[in-house]
S.K.: 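Next up is a structure, given as structure tokens.
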Amino acid sequence: MELFLLIIALAILAETSYLVFKNRRTTITHTGRRKLYVDTSALMDPRLLTVAQTGFIGDEVLVPRSVTHELQLLADGKDNEKRARARAGLETVRELERVVYFDTAIVSDELDHTPVDNRLMELAKSNHGLILTNDYNLQKVAETEHIDVLNLNELALALRGEYLPGEHARVKIVSAGSNPHQGVAYLRDGTMVVIDNASDRIGQEVEIEFIRINQTASGAMMFARLSHSNDVGRSDRRKTNFSNRKPLRRNKTSNRRSR
């Protein structure tokens, strides 16, 4: 009985220690939202606003003044590409303030000679917040400081389809499509694939090449065509079948009569 109580006490202690450690890294505010500090690279990424408008971000979004200052310097720079992206980043800050799923605020911090990335990590660490960035190096450094990081590139990679246009795969044609010449197959994740000129291959496993992806709110549908390797395989099978045919024997009686 004492051993059983000791095990329960140790389990409770371990759970409490884990929660304390977790709360030290990321603190939930009184509104139930985390503090999310956004860096320059994330603001210059047009995907940020798209993701924010879907409602997937429910945190308290904080943009340090040093970050907007860096965007302003880039917007006034000589590099045309960086200037355009920086101006788009400043516009993103304004648009984020209009998103209803979270509150966006400009955080005042010292505009000294401290690098912006270092300032961002100081803010996140001192306020037990997270960093939203596309900067791989910043992410790795922040992780060594035990700061949680959200990376838009990792999100895009996680949502990436199993196949992209130009890639090949082997699928089984299970039914005909809406077009009389189309066949329908399904990938392992359930994605429907519509294949041109495959209506006569129902029940067969074929190799296909993906052409395009139709992504909608209801899901994804992929379009493909039969790979040339299917034609090669079919011609090889025809040659094999022809070579295996036995030669026809002439009737000796008919030959004699013809003479």
Side-chain angles (χ1 to χ4, degrees), residues 25-29 31-161 164 213 215 217:
R25 294 187 61 181
T26 303
T27 299
I28 307 298
T29 63
T31 59
R33 296 179 175 180
R34 303 173 298 178
K35 293 183 178 181
L36 185 61
Y37 293 88
V38 188
D39 85 328
T40 307
S41 63
L43 289 172
M44 292 193 299
D45 191 330
R47 297 175 298 181
L48 172 59
L49 186 59
T50 303
V51 173
Q53 291 173 340
T54 61
F56 275 96
I57 298 178
D59 302 300
E60 184 179 348
V61 177
L62 304 173
V63 182
R65 184 73 64 182
S66 57
V67 171
T68 58
H69 180 65
E70 185 179 39
L71 286 174
Q72 182 180 357
L73 292 177
L74 292 174
D76 294 334
K78 297 181 180 181
D79 191 310
N80 293 331
E81 182 181 354
K82 289 184 179 179
R83 184 167 61 244
R85 294 180 60 199
R87 290 176 180 175
L90 291 172
E91 181 67 20
T92 298
V93 176
R94 189 172 66 87
E95 292 295 331
L96 287 175
E97 295 177 340
R98 300 179 180 180
V99 179
V100 299
Y101 299 108
F102 50 79
D103 296 325
T104 302
I106 306 296
V107 180
S108 297
D109 60 334
E110 297 181 11
L111 299 178
D112 52 19
H113 296 290
T114 304
V116 178
D117 291 348
N118 293 351
R119 176 71 66 190
L120 196 68
M121 288 191 293
E122 289 176 3
L123 288 170
K125 192 170 186 178
S126 60
N127 294 284
H128 306 290
L130 303 87
I131 295 177
L132 176 61
T133 181
N134 277 352
D135 191 330
Y136 177 81
N137 294 326
L138 172 59
Q139 177 180 352
K140 291 305 177 183
V141 175
E143 289 175 350
T144 61
E145 297 289 334
H146 304 291
I147 301 173
D148 291 331
V149 178
L150 300 181
N151 192 314
L152 287 175
N153 291 327
E154 291 185 353
L155 176 62
L157 183 62
L159 296 177
R160 175 188 179 274
L164 294 177
I213 304 174
Q215 183 74 50

S.K.: First locate atom OG1 of Thr114, then atom CD of Glu122, and finally report the distance between them rounded to the nearest 0.5 Å.
M.R.: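 Nearest 0.5 Å value for the OG1-CD distance: 6.0 Å.
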
S.K.: Considering all heavy atoms of both residues, which atom of Leu90 and which atom of Ala75 are nearest to each other, and what is their separation?
M.R.: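 That closest heavy-atom pairing would be CD1-CB, 4.4 Å.
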
S.K.: Can you tell me how far CG of Leu96 sits from CZ of Phe102, rounded to the nearest 0.5 angstrom?
M.R.: 5.0 Å

S.K.: Under the salt bridge (charged side-chain N to carboxylate O under 4.0 Å, His left out) rule, collect the residues that match up with Asp135, sequence neighbours excluded.
M.R.: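 Counting only residues at least two positions away or on another chain, Asp135 forms no salt bridge (charged side-chain N to carboxylate O under 4.0 Å, His left out).
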
S.K.: Tell me, do Met121 and Leu138 make a side-chain contact under 4.5 Å, heavy atoms counted?
M.R.: yes

S.K.: Kindly give the heavy-atom pair with the smallest separation between Ala42 and Val38, and that separation in Å.
M.R.: CB-CG1, 3.8 Å

S.K.: Tell me yes or no: between the side chains of Ser41 and Asn134, is some donor less than 3.5 Å from an acceptor?
M.R.: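 Ser41 vs Asn134: no donor-acceptor pair found between side chains.
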
S.K.: Hey, what do you get for CG (Leu157) to CG (Leu152), rounding to the nearest 0.5 Å?
M.R.: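 Result: 12.5 Å between the selected atoms.
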
S.K.: Test: salt bridge (charged side-chain N to carboxylate O under 4.0 Å, His left out). Region: residues 79-96. Which pairs qualify, not counting sequence neighbours?
M.R.: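 Those involving residues 79-96 are Glu91-Arg94, Glu95-Arg98.
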
S.K.: Give a yes or no answer on whether the side chain of Asp103 reaches the backbone of Glu60 with a donor-acceptor pair at less than 3.5 Å.
M.R.: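 Checked: no pair found.
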
S.K.: Side chains of Leu48 and Ile57: closer than 4.5 Å at any heavy-atom pair?
M.R.: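 They are in contact (side-chain heavy atoms under 4.5 Å apart), so the answer is yes.
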
S.K.: Could you pull out all residues at least two apart from Asp117 that satisfy salt bridge (charged side-chain N to carboxylate O under 4.0 Å, His left out)?
M.R.: none

S.K.: Rounded at 0.5 Å granularity, tell me how far CG in Leu43 sits from OG1 in Thr133.
M.R.: 9.5 Å

S.K.: For a 4.5 angstrom cut-off between non-hydrogen side-chain atoms, does Leu49 reach Gln53?
M.R.: yes

S.K.: Minimum heavy-atom separation for Ala86 to Leu74, with atom names?
M.R.: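 Closest heavy-atom pair between Ala86 and Leu74: CB-CB, 3.6 Å.
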
S.K.: On a heavy-atom basis, which atom in Arg47 and which in Ala156 lie closest, and how many Å separate them?
M.R.: NH1-CB, 3.3 Å

S.K.: Any non-hydrogen side-chain atom of Val67 less than 4.5 Å from a side-chain atom of Leu120?
M.R.: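 They are in contact (side-chain heavy atoms under 4.5 Å apart), so the answer is yes.
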
S.K.: Quick one: which of Val116, Thr92, Thr40, Asp76 gives a side-chain contact (heavy atoms from CB on, under 4.5 Å) with Leu71?
M.R.: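 Result: among Val116, Thr92, Thr40, Asp76, Thr40 is the only option passing the side-chain contact (heavy atoms from CB on, under 4.5 Å) with Leu71.
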
S.K.: Find the distance between NZ (Lys125) and CG (Asp148) and round it off to the nearest 0.5 Å.
M.R.: 12.5 Å

S.K.: So do Val99 and Val61 actually touch side chain to side chain, heavy atoms under 4.5 Å?
M.R.: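 Result no, sub-4.5 Å side-chain heavy-atom pair not found.
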
S.K.: Supply the atom-to-atom distance Leu132 CG to Tyr37 OH, rounded to the nearest 0.5 angstrom.
M.R.: 13.5 Å

S.K.: Do you know which two heavy atoms are closest between Arg34 and Leu150, and how far apart they sit?
M.R.: NH2-CD1, 4.3 Å

S.K.: For Ser66 versus Arg119, what's the shortest heavy-atom pair and its separation?
M.R.: OG-CG, 3.7 Å

